[in-house]
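What follows is one structure encoded as structure tokens, with my remarks underneath.
Chain A is the first sequence line, chain B the second, and so forth, proteins listed ahead of strands; every chain is numbered from 1. No experiment lies behind these values; they were computed from the predicted model shown.
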Amino acid sequence: MIRLKQVSKIYPSGVRAVTGANLDVEKGEFVFLVGLSGAGKSTLLKLMYRAETATSGSVLVSGTDIGRLSRGQLPVLRRRIGVVFQDYKLLPQRTVFENVAFALKVLGTSRSEVDKRTRSALDLVNLREYSDLMPGQLSGGQQQRVCLARAIVNTPPLLLCDEPTGNLDPDTSWDIMRLLTRINQHGTTVLVATHNKHIVDSMRRRVVALDGGRIVQDIARGGYPVGVG
Amino acid sequence: MESVRRFWRQVGFVLEEAVASISRQGWMSGVVILTMSVSLLILGGIWQLSDDIYGLSRAIGGKVEIMTFVREGSDAARLSAAIRQFPGVTTTVVITRDEAWTQLQRDMRSELSFENLLDDNPLPDTIRVKVDGPDQVTPVADRIRQLDGVEDINYGRDLLAKLQQIAAFIQAAGAIIVGCLLVATLAVTVNTIRLTVQTRRREIEIMQLVGASNGFIHWPFLLEGMLFGALGTLISSPLLVSWRTFVIQRLQELFPFVPIEADSMGTVRLLANLLLVGVGVGALGSLVSVKRHLSSG
Ligand SMILES: Nc1ncnc2c1ncn2[C@@H]1O[C@H](COP(=O)(O)OP(=O)(O)OP(=O)(O)O)[C@@H](O)[C@H]1O
Ligand SMILES: [Mg+2]
């Protein structure tokens with residue numbers, strides 16, 4: 001699904017955010033990305049949906065070197081990737097339903113299909129009865145679930161989550177993690193960048209640890225590494 | 001087939017979005033529309049003023065007649081028929097020396113009595129030639145002068161030259177001013193529409209994130225800009241119409257001898273032009289704003 005070969009990212013400011021990263025993620029895997037603040041987790045995810053381009057090395061998604069995609073080909077990649085953010089990035093002036101439907105409508109999906117898929121995405125995150133509310137009327141956890149619904153409504157094979165529980169209390173965080181597990185069970189490859197030691201420790205999934213932009217540990221059924229974070 | 005349907009669904013979505021976004025942005029849309037309507041009002045007002053003054057100068061020029069004095073012994077009717085064939089000539093009227101004499105005597109009677117002073121008619125036969133427009137006067141006059149049997153012609157050459165100078169000046173100055181105003185309107189539009197693009201940063205971000213094509217992302221903004229322009233024109237239209245009526249009245253008072261018709265066609269043409277400019281400037285303005293935003297983001 002994802003293959004990083006000697007990937008480095010140096011921001012124009014001169015910061016070396018990622019250095020010589022090699023990583024293979026198989027289809028259907030669930031992977032945690034952990035590391036201290038500033039370790040390069042967000043940057044690594046951004047390289048995967050090409051919000052940033054690698055300074056050197058190559059990033060392959062489903063076999064395609066995405067660094068070589070033209071501006072015109074980029075949307076095709078994006079349709080195959082769902083992204084969840086710590087700060088949700090919902091559109092404040094649209095209802096919950098519209099926020100999720102938006103992702104389908106801009107792609108020209110038919111009305112009946114939009115309705116059907118939006119409803120089932122909202123069902124999955126348990127927000128069906130909140131359809132007509134505005135994001136501002138929801139709790140943080142509920143907003144994160146809307147963000148999640150929007151990310152998966154187009155059924156992308158790859159889901160990237162950047163600190164999806166960063167602003168949530170432990171109980172709500174577990175709700176989100178259960179949802180991500182469910183989505184993963186449907187065959188979606190899931191990558192989660194997180195600081196949440198407790199969750200990483202309890203889930204016993206693959207853990208990739210970053211330190212100073214380098215991948216320092218990669219354990220199949222790991223916990224939060226000692227000495228990191 | 002499916003791709004065609006997909007396309008039309010996207011068109012529908014874009015239309016919905018453009019209208020919804022204008023109302024969603026409330027006062028911001030109001031500011032953009034008002035700014036555009038004020039800009040268009042100034043632009044349209046000056047454009048139309050220069051147009052009307054230009055029209056007036058041509059109308060005055062069009063009043064110029066070529067008085068052709070026929071040499072004694074030549075056939076005025078035959079000359080008149082020949083002149084009527086010239087390109088640009090609309091009418092020719094022969095005034096025989098007798099008619100002219102009677103006319104002159106009638107005109108002058110109250111001021112001075114000729115009757116005993118001059119028994120002998122000193123006037124030649126005259127042909128009054130009217131032409132299509134002021135541009136035709138000089139070439140037609142030159143051809144008439146060449147004709148056999150023409151003693152002399154008179155057509156207020158200096159007045160005509162002045163008028164043509166004035167008309168050319170007004171046309172040039174008007175074009176330059178309107179051009180400058182157009183650029184200013186565009187600048188104002190770009191800057192106000194940029195505000196609305198700013199507030200929709202997140203929307204653009206999400207569209208890019210979920211894989212909307214770049215071209216598609218432009219469309220809602222493009223349409224919104226066009227709607228802004230159309231609404232701006234709509235607001236400034238009634239003011240412009242009354243302004244035009246006012247200007248024409250004023251001009252008519254200043255030049256009572258020239259019939260200036262405030263034809264409704266002129267007004268319609270003006271408004272249609274302005275709508276075109278408004279919609280065009282709105283579209284261009286939002287395109288520039290979005291392009292800038294996308295390339296900076
Ligand atoms: N757009 C940017 N321009 C310049 N430097 C950046 C940019 N984004 C991140 N950085 C720098 O790159 C390094 C890695 O940042 P990154 O956001 O990837 O870390 P992170 O592991 O996600 O941290 P956090 O846990 O705080 O989210 C940091 O030093 C950061 O300051
Ligand atoms: Mg981060």
Side-chain angles (χ1 to χ4, degrees), chain A residues 45-46 48-52 66 69-85 87-95 98-114 117-118 121 134-135 146-147 149-156 158-160 162, chain B residues 1-30 32 195-224 287 290-297:
Chain A
L45 290 179
K46 282 179 185 163
M48 293 174 188
Y49 63 97
R50 227 190 82 172
E52 296 290 349
I66 65 169
L69 292 179
S70 69
R71 248 172 107 78
Q73 294 168 317
L74 193 54
V76 182
L77 170 77
R78 295 281 174 81
R79 283 169 214 169
R80 299 175 47 80
I81 301 177
V83 187
V84 173
F85 304 93
D87 60 353
Y88 325 131
K89 295 198 199 288
L90 299 177
L91 304 172
Q93 287 169 315
R94 292 167 202 262
T95 63
E98 282 304 321
N99 262 282
V100 178
F102 189 76
L104 294 170
K105 283 186 176 174
V106 297
L107 301 181
T109 314
S110 76
R111 213 199 141 97
S112 57
E113 192 77 352
V114 169
R117 290 215 232 160
T118 303
M134 293 298 183
V146 178
C147 179
R150 179 180 64 193
I152 55 151
V153 73
N154 199 22
T155 55
L158 177 61
L159 183 64
L160 306 174
D162 195 356
Chain B
M1 206 53 230
E2 170 54 23
S3 68
V4 172
R5 251 183 268 135
R6 183 174 294 265
F7 171 76
W8 283 111
R9 282 198 293 267
Q10 284 180 320
V11 169
F13 174 74
V14 162
L15 281 167
E16 251 171 57
E17 279 298 300
V19 175
S21 120
I22 285 184
S23 65
R24 219 184 272 131
Q25 290 175 64
W27 66 270
M28 192 99 88
S29 304
V32 177
L195 292 177
T196 78
V197 172
Q198 289 285 320
T199 61
R200 294 170 70 187
R201 263 205 310 267
R202 168 149 306 173
E203 218 158 290
I204 295 178
E205 190 187 345
I206 298 299
M207 284 201 247
Q208 288 178 319
L209 195 70
V210 301
S213 68
N214 255 312
F216 177 81
I217 292 172
H218 287 92
W219 274 103
F221 292 95
L222 197 69
L223 240 98
E224 185 186 288
L287 211 59
V290 177
K291 276 247 149 44
R292 263 196 206 163
H293 178 83
L294 288 181
S295 61
S296 75

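The heavy-atom pair separating Gly211(B) from Leu107(A) by the smallest distance is O-CD2, 3.3 Å. Residues Leu209(B) and Arg78(A) come closest through the heavy atom pair O-CB, 3.3 Å. Heavy atoms only, all atoms of each residue included: Leu294(B) and Arg71(A) are closest at CB-NH2, 4.4 Å.
Residues that satisfy the side-chain hydrogen bond (donor to acceptor under 3.5 Å, both in side chains) test with Arg6(B), not counting sequence neighbours, are absent from this structure.
In this structure, CG on Asp87(A) lies 6.0 Å from CZ on Arg202(B), to the nearest 0.5 angstrom.
Each of Val153(A), Thr109(A), Val76(A), Asn154(A) has some count of heavy-atom pairs under 4.5 Å with chain B, and the biggest count is that of Thr109(A). The choice from Gly72(A), Pro75(A), Ala151(A) that makes the most heavy-atom pairs within less than 4.5 Å of chain B is Pro75(A). Considering only heavy-atom pairs separated by less than 4.5 Å from chain B, the leading option among Arg111(A), Arg80(A), Arg150(A) is Arg150(A).
Looking at Glu17(B), only its side chain comes within 4.5 Å of chain A, counting heavy atoms on both sides. Looking at Leu74(A), there are no atoms closer than 4.5 Å to chain B (heavy atoms on both sides), in backbone or side chain.
Residues of residues 7-14 of chain B having a heavy atom under 4.5 Å from any heavy atom of chain A, listed by number: Arg9(B), Gln10(B), Phe13(B).
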Audit row: Glu203(B), Lys105(A), salt bridge (charged side-chain N to carboxylate O under 4.0 Å, His left out) steps and yes/no: CA-CA 13 Å; Glu203(B) 218 158 290; Lys105(A) 283 186 176 174; over 6 Å; no
